[in-house]
Q: 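To start, I am sharing the structure in question, which I have written as structure tokens.
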Amino acid sequence: MKETVFTKNLLLWNKKSNTRLMPWKGEKDAYKIWLSEIILQQTRVEQGWAYYEKFINAFPTVHHLAKAPEQQVFKMWEGLGYYNRCKNLIETAKIISEKYDGKFPDSYEEIRNLKGIGPYTAAAISSFAYNLPYAVVDGNVERVLARYFGDTTPVDTTIGKKFYTALATKLLDKEQAGTYNQAIMDFGAVICKPKNPLCEICVHQKNCTAFQTNNVGNLPVKKKAIQKKIRWFYYFIIEVNGATYIHQRKQNDIWQNLYEFVLYETSEPLYQQEIIESTFFKNLFGKQKINVKKVSPVYKQQLTHQTINGQFINVSINKNISFLKDYKLVINKEINQYAFPRFITAHLQQTHTEQQLF
DNA sequence: AACGCGGGGCC
DNA sequence: GGCCCAGCGTT
């Protein structure tokens, strides 16, 4: 196939002007490539960078990762978000370590069938590790192609995925798939950025439909985001003899597999008095004598489609609450071995800092 | 086909 | 406050 102008100019830019450096760039170890790709799913390079190095240091091979206690892996993932990635990471590590004897599969289909690996990640690993001719289609690629070809197909639809995958496959330099894929993503991140793209120095300027028609700011097209939810989380930090109740979130909801305290969730804010008079509170403590030691300020954590307002109520009691079945009673010194959502970690650190002051 | 899943940086 | 990020699994 004759190389397109787009591909030629992209590779020329890559060779002459692409100075972007990242720890995993040029990596040939499929395990390390895989790890970097999982970390980077829906995650900015700057945010994932330190996590990648931390993981590689702790787990130099897939066997190290497969053998690690799940709790430790989640603790290392803490704060990175999309925690299902971590669960799938662990599962896939075990399969590669045991079923594949530590050797990462080297066909697109086998790679694609692993948990946590979709079309993008399979193409990335296939091309970077084995130079197989699969085109990556991520946010960068969609944006670059939508602008260059002036296409208004919404990228966040099945039709859009299919369209951009076909287009990207056509443009791919199949002789150097890894280099090409890295180049187009670097180009999207460095030049054809979402905001303030560097059109003035862009090698595609003459051929870019969006630039020529003054539509760079209008592309790519996305369908409207869904409405945001607001939730109130009231956490009881219940202490009994120097230990605290925690519980792993297992329900189909945010923060799956992370830990939390005893949660009373409402859809509307409550006054302290309303909390104390609530059925939840009465069922929890019954008639037993409790000591409300402290009530925190309201924390706010902004997720993509939800706002979480959280407040902590420190309570000490003398007797165990027998019906807290799915809870662990963890001695306070060991609390920090568990992975928590971001604002809980922040609160625990805040509390810890205050205690240092006195 | 639509929806839910985090946290952070930038405008 | 909104948008977007080296997407994926579930329903």
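Just so you know, these numbers use all the heavy atoms, side chains as well, and skip hydrogens, waters and symmetry mates. Small disclaimer: the values here were computed from a predicted structure and weren't measured. Convention: sequence-line order gives letters A, B, ...; per-chain numbering from 1.
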Q: For Glu78(A), is there an ion pair with Lys75(A) - N to carboxylate O distance below 4.0 angstrom?
A: yes
Q: When all nucleic acid strands are considered with a 4.0 Å heavy-atom cut-off, which category describes Gly79(A): base, sugar-phosphate, or nothing?
A: sugar-phosphate
Q: Atom CG of Asp156(A) and atom P of dC3(B): how far apart are they, to the nearest Å?
A: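 The answer, rounded to whole Å, is 11 Å.
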Q: How many whole angstroms separate atom CG of Leu35(A) from atom P of dA6(C)?
A: 17 Å
Q: Assess whether one donor atom and one acceptor atom, taken from the side chain of Tyr120(A) and the base of dG7(C), lie less than 3.5 Å apart.
A: no
Q: With nearest nucleotide decided by heavy atoms, which residue, Lys195(A) or Ala124(A), maps closer to the 5′ end of DNA chain C?
A: Lys195(A)
Q: Measure CG/Leu80(A) against C1'/dA6(C) and give the value in whole Å, please.
A: 13 Å
Q: Any donor-acceptor pair, under 3.5 Å, between the side chain of Thr43(A) and the base of dG6(B), if you only look at N and O atoms?
A: yes
Q: Applying salt bridge (Lys or Arg N to Asp or Glu O under 4.0 Å), which residue pairs with at least one partner in residues 133-157 of chain A are found, sequence neighbours left out?
A: Glu142(A)-Lys161(A)
Q: Starting at CD of Glu37(A) and ending at P of dA6(C), how long is that distance when rounded to a whole Å?
A: 11 Å
Q: Between dC5(C), dC5(B), dA6(C), which one does the side chain of Met185(A) approach most closely?
A: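 Of dC5(C), dC5(B), dA6(C), dA6(C) is nearest to the side chain of Met185(A).
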Q: Trp255(A) or Ile159(A): which one's nearest nucleotide on DNA chain B is closer to the 5' end?
A: Ile159(A)
Q: Rounded to the Å, how far apart are Gln41(A) CD and dG6(B) P?
A: 13 Å
Q: With heavy atoms under 4.0 Å as the rule, sort Arg342(A) into base, sugar-phosphate or nothing.
A: sugar-phosphate
Q: On the nucleotide dA1(B), are OP1 or OP2 found under 4.0 Å from the side-chain N or O atoms that Thr158(A) carries?
A: yes
Q: Are Phe312(A) and Phe343(A) an aromatic pair, judged by ring center distance below 6.0 Å?
A: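 Yes, the ring of Phe343(A) comes within the 6.0 Å limit of the ring of Phe312(A), centre to centre.
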Q: Nearest whole angstrom, please: distance from the P of dG7(C) to the CD1 of Ile125(A).
A: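 Rounded to whole Å, this separation is 13 Å.
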Q: May I ask you to say what Gln306(A) touches in the nucleic acid, namely base, sugar-phosphate or nothing, with a heavy-atom cut-off under 4.0 Å?
A: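 The answer is sugar-phosphate, as Gln306(A) gets under 4.0 Å only of primed atoms, P, OP1 or OP2.
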Q: For a quick check, tell me whether the side chain of Thr121(A) and the base of dG7(C) share a donor-acceptor pair closer than 3.5 Å.
A: no
Q: Do Arg85(A) and dC5(B) have a side chain to base donor-acceptor pair shorter than 3.5 Å?
A: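 No.
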Q: Does a side-chain N or O of Lys222(A) approach OP1 or OP2 of dC5(C) to a distance below 4.0 Å, or not?
A: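 Affirmative; the distance criterion is met.
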Q: Which part of the nucleic acid, if any, lies within contact of Arg249(A), taking any heavy atom under 4.0 Å across all strands shown: a base, the sugar-phosphate backbone alone, or nothing?
A: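 If one applies the 4.0 Å heavy-atom cut-off, Arg249(A) turns out to touch nothing in the nucleic acid.
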Q: Do the side chains of Glu239(A) and Lys293(A) get close enough for a salt bridge, i.e. N-O under 4.0 angstrom?
A: yes
Q: Centres of the Trp255(A) and Tyr83(A) rings: under 6.0 Å?
A: no
Q: Provide a list of protein-nucleic acid N or O atom pairs under 3.5 angstrom, restricted to nucleotides 9-11 of chain C.
A:
{"residue": "dG9(C)", "atom": "OP1", "partner": "Gly116(A)", "partner atom": "N", "Å": "2.5"}
{"residue": "dG9(C)", "atom": "OP1", "partner": "Ile117(A)", "partner atom": "N", "Å": "3.4"}

Q: Does this structure show an ion pair linking Asp326(A) with Arg249(A), if we count only N-O contacts that are shorter than 4.0 Å?
A: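 Result for this pair is no, no salt bridge flagged.
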Q: Phosphate oxygens OP1/OP2 of dC10(B): is one of them under 4.0 Å from a side-chain N or O of Lys193(A)?
A: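 For dC10(B), neither OP1 nor OP2 has a side-chain N or O of Lys193(A) closer than 4.0 Å.
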Q: How far does the P atom of dA6(C) sit from the matching atom of dG4(B), given to the nearest Å?
A: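 One P to the other, the span is 24 Å.
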Q: Check Lys25(A) with Asp186(A), please: is the shortest side-chain N to carboxylate O separation under 4.0 Å?
A: yes
Q: Would you mind telling me which residue lines up with the more 5' stretch of DNA chain B, Asn196(A) or Phe340(A), judged by nearest nucleotide?
A: Phe340(A)
Q: Would you mind classifying the nucleic acid contact of Trp34(A) as base, sugar-phosphate or nothing, using non-hydrogen atoms under 4.0 angstrom?
A: nothing
Q: Using a cut-off of less than 4.0 Å, is there contact between a side-chain N or O of Gln42(A) and OP1 or OP2 of dG7(C)?
A: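 So the side chain of Gln42(A) is within the cut-off, an N or O lying under 4.0 Å from OP1 or OP2 of dG7(C).
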Q: With no hydrogens and no angle check, is any side-chain donor or acceptor of Asn309(A) less than 3.5 Å from a backbone partner on Lys300(A)?
A: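 It does not hold such a pair.
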Q: By the 4.0 Å heavy-atom rule, please label Glu78(A) as base, sugar-phosphate, or nothing.
A: nothing
Q: If we take the P atom in both dG8(B) and dC8(C), what is their distance in whole Å?
A: 22 Å
Q: Looking at Phe187(A) versus His204(A), is the centre-to-centre ring distance below 6.0 Å?
A: yes
Q: Just how far, in rounded Å, is P of dG6(B) from CD of Glu46(A)?
A: 21 Å
Q: Rounding to an integer number of Å, can you tell me how far His305(A) NE2 sits from dC5(C) C1'?
A: 13 Å
Q: To the side chain of Arg143(A), which of dC5(C), dA6(C), dG6(B) is closest?
A: dC5(C)
